[in-house]
Protein chains: 2
Amino acid sequence: MIQPRPRTIPEATVARLAVYLRVLSSLADGGRGTVSSGELAAAAGVNPAGLRKDLSHLGPCGVRGVGYEVGTLRDRIAGVLGVERSRACVLVGIGNLGSALADYAGFGSRGFEFVGLFDVAVARIGQRIGGHTVHPLDELEQVVGAAGATIGVITTPADVAQSVCDRMAAAGVRSILNFAPVTLTAPAGVDVRKVDLSVELQVLAFLGQQRLVGEPA
Amino acid sequence: MIQPRPRTIPEATVARLAVYLRVLSSLADGGRGTVSSGELAAAAGVNPAGLRKDLSHLGPCGVRGVGYEVGTLRDRIAGVLGVERSRACVLVGIGNLGSALADYAGFGSRGFEFVGLFDVAVARIGQRIGGHTVHPLDELEQVVGAAGATIGVITTPADVAQSVCDRMAAAGVRSILNFAPVTLTAPAGVDVRKVDLSVELQVLAFLGQQRLVGEPA
DNA sequence: GCGACTTTGTTCCTGCGTTCACAAGCGGTT
DNA sequence: AACCGCTTGTGAACGCAGGAACAAAGTCGC
């Protein structure tokens with residue numbers, strides 16, 4: 001019995017595969033049959049050689065002299081990323097950002113299903129966002145257990161993010177995406193990924209000012 | 001005349017400096033006088049040696065045997081990142097995500113000032129968010145020119161993001177932060193930074209499932 | 001005043017990601 | 001059937017980030 005995926009796929013490659021998947025879906029909708037690595041790389045904003053190397057992690061999936069078959073490659077990447085399987089997610093903190101995520105249709109088509117939206121503000125509870133209802137935070141553990149949710153998203157203010165993280169981990173969540181501007185600590189076996197919007201903006205601004213100093217042209 | 005910043009600072013270091021700045025601000029508010037690299041690294045979630053290497057890009061700014069003086073280091077990092085100077089930003093696309101960004105108080109304290117919020121929906125125009133008023137998109141070029149905005153944020157749907165990007169670049173914006181799920185192309189001299197929320201979630205989910213396969217324990 | 005401890009700043013090294021360049025393979029054409 | 005052009009897949013080199021270990025330096029205690 002050979003194992004179909006012998007080695008681990010680098011994290012940077014996984015991130016790009018998700019981008020390729022989006023481009024391929026768009027091409028497939030446009031009725032495109034095949035694409036070359038050069039064209040696909042241009043659409044994704046990466047180097048053609050790097051794209052081929054990324055795809056090589058999935059095994060040979062192109063035809064030399066022709067290119068990649070759009071539909072086949074899309075399904076291949078979707079299978080590797082696990083898009084077809086539905087993943088139960090919970091989201092805590094229904095502010096503007098949390099509402100944006102809950103309402104974003106792109107998650108549903110990628111295999112993510114929000115099985116619970118939570119907040120502490122009574123004004124928020126009962127609101128319907130993206131087809132789901134906001135529940136009081138007290139019900140977090142019950143919903144996580146009942147739905148078998150393994151993914152949690154935190155969009156709360158910074159001061160309560162750690163306590164939410166602890167509760168999620170204790171309830172059985174294994175992967176946490178944190179938008180709160182704090183560094184969370186989680187027990188072993190639970191990995192946390194942080195997205196800091198203000199850091200992104202600050203890096204962008206710094207690179208811009210650094211470019212001005214380096215190249216006064 | 002020696003140049004105060006002889007070399008360029010790596011991008012990864014810049015991102016971490018922003019995190020250190022936040023931690024240091026929090027420590028300063030708590031009345032803390034000095035910190036060691038180990039403690040600061042733990043709070044930021046990085047390796048102590050890496051933190052010292054990051055800080056070495058600013059020149060010597062600690063005292064051996066003691067640690068770093070909290071207030072001094074905070075001001076030093078703030079100066080390098082250019083926090084004290086106010087940067088004019090424009091934001092196009094006042095949906096949930098755009099509202100979240102416009103309303104986020106963390107930007108103002110980091111030197112970013114939104115001088116214009118724009119949308120095409122007449123229902124949005126005139127709304128006040130985070131102390132600013134939403135304007136029709138037609139006024140984008142005028143506001144960018146008048147305020148000298150060099151930073152633009154795109155939180156529009158994917159299909160109009162490229163046209164907004166083009167208009168921003170033509171109007172004088174030099175740095176663009178793109179939240180729309182498309183790869184934008186901009187003229188030389190304008191750099192685009194992309195944040196894709198669904199990609200982040202997909203990477204997280206994949207790492208979780210890969211971990212289960214690799215370590216069945 | 002001197003020694004020892006603590007902590008920074010630096011240097012080396014290992015591993016990873018990215019890029020370039022080439023061989024292998026397939027389709028179309030004559 | 002053989003040749004030619006095109007594209008994939010892979011191997012090698014380069015550059016960079018991350019981690020560990022060590023020397024320099026300053027402070028505290030005696």
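Every chain is numbered from 1, with letters handed out A, B, ... down the list of sequences.
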Select one nucleotide: of [options], the one nearest the side-chain heavy atoms of [X].
X	options	result
Lys53(B)	dT19(C), dG18(D), dA21(C)	dG18(D)
Arg64(A)	dG25(C), dT7(C), dT18(C)	dG25(C)
Ala49(B)	dG17(C), dC26(C), dA20(D)	dA20(D)

List the steps, then state whether side-chain contact (heavy atoms from CB on, under 4.5 Å) holds for Val199(B) with Arg16(A). CA-CA 8 Å; Val199(B) 166; Arg16(A) 283 188 295 265; over 6 Å; no
[N] phosphate, OP1 or OP2: any side-chain N/O from [X] under 4.0 angstrom?
X	N	result
Tyr68(B)	dG9(C)	yes
Ser56(B)	dG9(C)	no
Arg16(A)	dT18(C)	yes

For Val63(B) and Pro10(B), take the nucleotide of DNA chain D holding the closest heavy atom to each; which residue's nucleotide lies nearer the 5' end? Pro10(B)
For Phe179(A) against Val153(A), the heavy-atom pair lying closest together: CE1-CG1, 3.8 Å
Taking all atoms of both residues into account, what is the closest heavy-atom pair of Ala147(A) and Val115(A), and its distance? CB-CG2, 3.8 Å
Residue whose nearest DNA chain C nucleotide is more 5′ - Val46(A) or Gly65(A): Val46(A)
For Gly62(B), which contact category applies under a 4.0 Å heavy-atom criterion: base, sugar-phosphate, or nothing? sugar-phosphate
Would you tell me whether Asp196(A) and Ser198(A) have side-chain atoms, one donor and one acceptor, within less than 3.5 Å of each other? yes
Under a 3.5 Å cutoff, is there a donor and acceptor pairing between the side chains of Arg52(B) and Ser37(B)? yes
Under the side-chain contact (heavy atoms from CB on, under 4.5 Å) rule, what do Asn96(B) and Leu97(A) come out as? Steps first, then yes or no, please. CA-CA 6 Å; Asn96(B) 277 316; Leu97(A) 180 57; over 6 Å; no
Euclidean distance, atom CD of residue Glu11(B) to atom C1' of dG18(D) [Å, nearest integer]: 16 Å
Atom pair distance, as rounded to whole Å: CG in Leu55(B) and P in dG9(C): 7 Å
Carboxylate-amine/guanidinium contact Glu113(A) Arg87(A), below 4.0 Å: no
Work out how much the helix from dG1(C)-dC30(D) to dT30(C)-dA1(D) bends between its end axes, five pairs an end, to the nearest 10 degrees. 0°
